[in-house]
Undergrad: 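My structure is below; once you've seen it, I'll send some questions.
Order of appearance sets the numbers: ligands from 1, and atoms from 1 within every ligand.
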Amino acid sequence: MTFKIKLIAGLAAAFSILLLVAELSYTSFVRNSEDRRWVTHTHAVLEKLDSLQIHLIDAETGQRGYIITGEETYLAPYQDAIVRIPRELRELRELTADNPVQQGSLDRLEPLIAEKLGVLENRIEIRRTEGLAAGVAAVAEGSGKQFMDQIRVLAAAMKQEEDRLLVLRSNELEASGRRTRMIMVIGEGLGFLFLAAAGFLIHQEMQRRASAEQEVRTLNRDLERRVAERTAELADRAKELERSNMELQQFAYVASHDLQEPLRTIASFTQLLAKRYSDKLDDKAREFINFAVDGSKRMQTLINDLLAYSRVGTQGNPFTATRCDAMLDRILKNLKVGIESSGAVITRDPLPVVIGDEGQLAQLFQNLLTNAMKFRGAGVPRIHISATAQGANWKFMVRDNGIGISPEHQDRIFVIFQRLHTKTQYPGTGIGLAISKKVVERHGGRIWIEPTPGGGSTFCFTVAEGATSDANEKENYELRTSTSAD
Ligand code: ADP
């Protein structure tokens with residue numbers, strides 16, 4: 001279970017428990033208030049019964065005072081009581097409406113009270129009309145006392161019923177109060193427990209994250225250190241590679257340069273031999289000498305090519321702003337004979353100004369154009385030169401309609417001395433594209449072949465706009481451009 005799910009589950013449980021506790025507490029609280037209301041209600045009934053009896057006694061006392069004294073003022077408590085008693089009886093009936101026992105008692109109590117009040121009224125009337133002696137005699141007759149005793153018994157029974165209810169309801173009130181307290185305590189305890197669990201989970205997760213972050217930081221530092229080490233290692237190797245490359249180029253240059261001399265000697269002496277002793281040599285010997293001369297000439301060509309190849313890296317010119325359009329005009333003039341003899345049609349888009357070694361760039365274009373004419377198909381050679389900007393680079397394309405190059409050879413042909421045809425099919429030494437590749441790389445670009453719809457080949461190469469593979473050259477160029485601007 002993930003941390004998120006655990007946390008959500010914990011909080012949801014705590015929330016549900018709190019909701020349940022709230023609901024139970026509320027119900028219990030409502031029940032408790034209800035119980036309390038019933039207890040109060042019972043007290044009210046008891047009070048009402050007491051007050052009813054007091055008013056009956058008041059009425060009787062007032063009546064006696066009047067009978068003894070004959071003074072109307074003594075009747076005040078009686079008159080007050082006969083107004084209040086019916087009202088209190090009504091209230092008692094309403095208060096005990098839920099209790100059939102009390103209602104039954106009231107059914108019996110009401111006529112008794114009515115009788116009792118009737119007796120009192122009758123005695124007052126006798127005193128008023130027949131005088132003191134008749135009044136006293138009426139009191140002594142004793143029926144009033146009987147009613148009063150019966151009333152007392154009934155009221156006592158009603159009070160007893162209410163006392164029973166009071167005990168019952170007080171017990172319920174106490175129980176519901178206990179229940180409410182218990183629910184609140186257990187609920188709060190559980191809620192606290194779940195919140196503590198959620199807090200513990202959060203604390204644990206924070207610790208886990210802190211240690212994971214620490215681990216990531218350590219790993220990062222380790223990675224940075226290793227990257228730095230590897231970068232330093234690579235820089236060392238690049239330096240070493242550059243140094244050995246330079247040495248190799250130097251070696252190729254020196255070797256090819258130094259080989260030329262003995263080769264020339266061999267060629268010229270072999271030719272001399274053929275010339276001087278031609279009368280002494282038979283046809284076979286002359287043929288052999290011709291082979292030797294041919295071989296040394298071929299070797300001379302190869303050595304010259306090798307020299308040219310090694311010069312690209314060692315003896316290039318500083319970079320200058322080169323107007324490709326003007327440069328191409330000059331190349332086309334150079335290739336005039338070849339163009340006319342092949343009948344080639346060369347077209348071009350406007351070409352940009354690039355920063356580079358003009359001589360090497362001219363050699364590059366010339367190689368590609370010569371090949372496009374050399375490896376022509378059956379029809380008239382059609383060659384198109386174009387250039388497009390690509391971010392900070394220029395992409396050049398030289399497209400022809402010649403014999404084309406199958407995809408599996410498209411990388412191989414840029415390797416020195418690699419050819420796809422024999423010398424008899426197409427003359428050449430297989431150095432042109434290797435030199436072209438080296439020139440492009442010196443200008444910070446790359447060279448490749450793209451598919452050509454309708455047949456033929458499309459050679460593409462890029463030149464970085466401020467191209468230079470050598471920081472010194474760039475410096476030279478910038479120095480020169482700023483001096484000429486002055
Ligand atoms: P070379 O022209 O002396 O043979 P390159 O290095 O210029 O040497 O070319 C290498 C090989 O690539 C060629 O022998 C040829 O097979 C193939 N090639 C070069 N350019 C073209 C082209 N435009 N069309 C077809 N094949 C080509």
Undergrad: How close does the nearest protein non-hydrogen atom get to atom 21 (C) of ligand 1, and which residue and atom is it?
TA: F375 CD1, 3.5 Å
Undergrad: Could you list the atoms of ligand 1 found under 4.0 angstrom from a heavy atom of L420?
TA: 14 (O), 16 (O)
Undergrad: Using a 4.0 Å cutoff against the non-hydrogen atoms of K374, which atoms of ligand 1 qualify?
TA: 1 (P), 2 (O), 3 (O)
Undergrad: At under 4.0 Å between heavy atoms, is it the side chain or the backbone of N367 that contacts ligand 1, or both, or neither?
TA: neither
Undergrad: Are the side chain of R286 and the backbone of A274 linked by a donor-acceptor contact shorter than 3.5 Å?
TA: no
Undergrad: So does Y426 get a backbone contact from the side chain of R419, meaning a donor-acceptor N/O pair under 3.5 Å?
TA: yes
Undergrad: Can you pull out the closest protein heavy atom to atom 10 (C) of ligand 1? Residue, atom name and distance to 0.1 Å, please.
TA: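 Heavy-atom neighbour on the protein nearest atom 10 (C) of ligand 1: Q418 O, 3.5 Å.
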Undergrad: Look up atom CD in E162 and atom NE2 in H41, then write down how far apart they are to the nearest 0.5 Å.
TA: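 Those atoms lie 7.5 Å apart.
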Undergrad: Would you check whether H409 reaches within less than 4.0 Å of ligand 1, judged by its heavy atoms?
TA: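 No, that is not the case, since the closest heavy atom of the residue is not under 4.0 Å from the ligand.
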Undergrad: State if G430 counts as touching ligand 1 under the rule of any non-hydrogen atom under 4.0 Å.
TA: yes
Undergrad: Is it the case that the side chains of E247 and S244 hold a donor-acceptor pair, with the cut-off being a distance below 3.5 Å and no angle test?
TA: no
Undergrad: Nearest protein heavy atom to atom 19 (C) of ligand 1, by residue and atom, and its distance?
TA: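 For this ligand atom, the closest protein heavy atom is N371 ND2, 3.5 Å.
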Undergrad: Give the minimum heavy-atom separation between L351 and A387, together with the two atoms involved.
TA: CD2-CB, 4.0 Å
Undergrad: So if I count the atoms of ligand 1 from 1 in the order they appear, which ones are less than 4.0 Å from some heavy atom of G404?
TA: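 It comes down to these atoms of ligand 1: 25 (C).
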Undergrad: Quick check: closest heavy atoms across A321 and I355, and the distance to 0.1 Å?
TA: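 Shortest heavy-atom separation between A321 and I355 comes out as CA-CD1, 4.0 Å.
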Undergrad: Please determine if D400 has a nitrogen or oxygen closer than 3.5 Å to a nitrogen or oxygen of ligand 1.
TA: yes
Undergrad: Would you say Y426 contacts ligand 1, with heavy atoms under 4.0 Å as the rule?
TA: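 No, Y426 has no heavy atom closer than 4.0 Å to ligand 1.
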Undergrad: Any side-chain heavy-atom pair from T231 and V227 closer than 4.5 angstrom?
TA: yes
Undergrad: Regarding E161 and R164, does a basic nitrogen lie under 4.0 Å from an acidic carboxylate oxygen?
TA: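 Salt bridge: yes.
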Undergrad: Against heavy atoms of G428, which atoms of ligand 1 measure under 4.0 Å?
TA: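 Listed by number with element, the hits are 3 (O).
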Undergrad: Any idea which heavy atoms bring C324 and F396 closest together, and the distance?
TA: SG-CZ, 3.9 Å
Undergrad: On a heavy-atom basis, which atom in L259 and which in I303 lie closest, and how many Å separate them?
TA: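 Minimum heavy-atom contact is CB-CD1, 3.6 Å.
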Undergrad: Pull out every atom of ligand 1 sitting under 4.0 Å from any heavy atom of I431, numbered as shown with elements.
TA: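 Here the atoms of ligand 1 in question are 6 (O), 8 (O).
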Undergrad: Among protein heavy atoms, which sits nearest to atom 17 (C) of ligand 1, and what does the distance come to when rounded to 0.1 Å?
TA: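 The protein heavy atom lying closest is I413 CG2, 4.1 Å.
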Undergrad: Heavy-atom contact check, 4.0 Å cutoff: does I403 meet ligand 1?
TA: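 Right, I403 reaches ligand 1.
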Undergrad: Nearest protein heavy atom to atom 16 (O) of ligand 1, by residue and atom, and its distance?
TA: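 The answer is H421 CD2, 3.1 Å.
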Undergrad: Could you tell me whether ligand 1 has any atom less than 4.0 Å away from a heavy atom of S436?
TA: no
Undergrad: Locate the shortest heavy-atom distance separating V440 from I447; write the atom from each residue and the value.
TA: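 Smallest heavy-atom distance, with atoms named: CG1-N, 4.0 Å.
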Undergrad: Could you check atom 26 (N) of ligand 1 against the protein and tell me its nearest heavy-atom contact, residue, atom and distance included?
TA: I405 CG1, 3.3 Å
Undergrad: Which residue owns the protein heavy atom closest to atom 4 (O) of ligand 1, what's the atom, and how far is it?
TA: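 Nearest neighbour among protein heavy atoms for atom 4 (O) of ligand 1, to 0.1 Å: R419 NE, 2.6 Å.
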Undergrad: Is any side-chain N of the basic residue among R90 and E94 closer than 4.0 Å to the acidic one's carboxylate O?
TA: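 No, no charged N to carboxylate O under 4.0 Å.
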Undergrad: Which of the atoms of ligand 1 are close to G432, meaning less than 4.0 Å from one of its heavy atoms?
TA: 5 (P), 6 (O), 7 (O)
Undergrad: Distance to 0.1 Å, residue and atom name: give those for the protein heavy atom nearest to atom 6 (O) of ligand 1.
TA: L433 N, 2.8 Å
Undergrad: Between the side chains of R31 and S176, is a donor N or O closer than 3.5 angstrom to an acceptor N or O?
TA: no
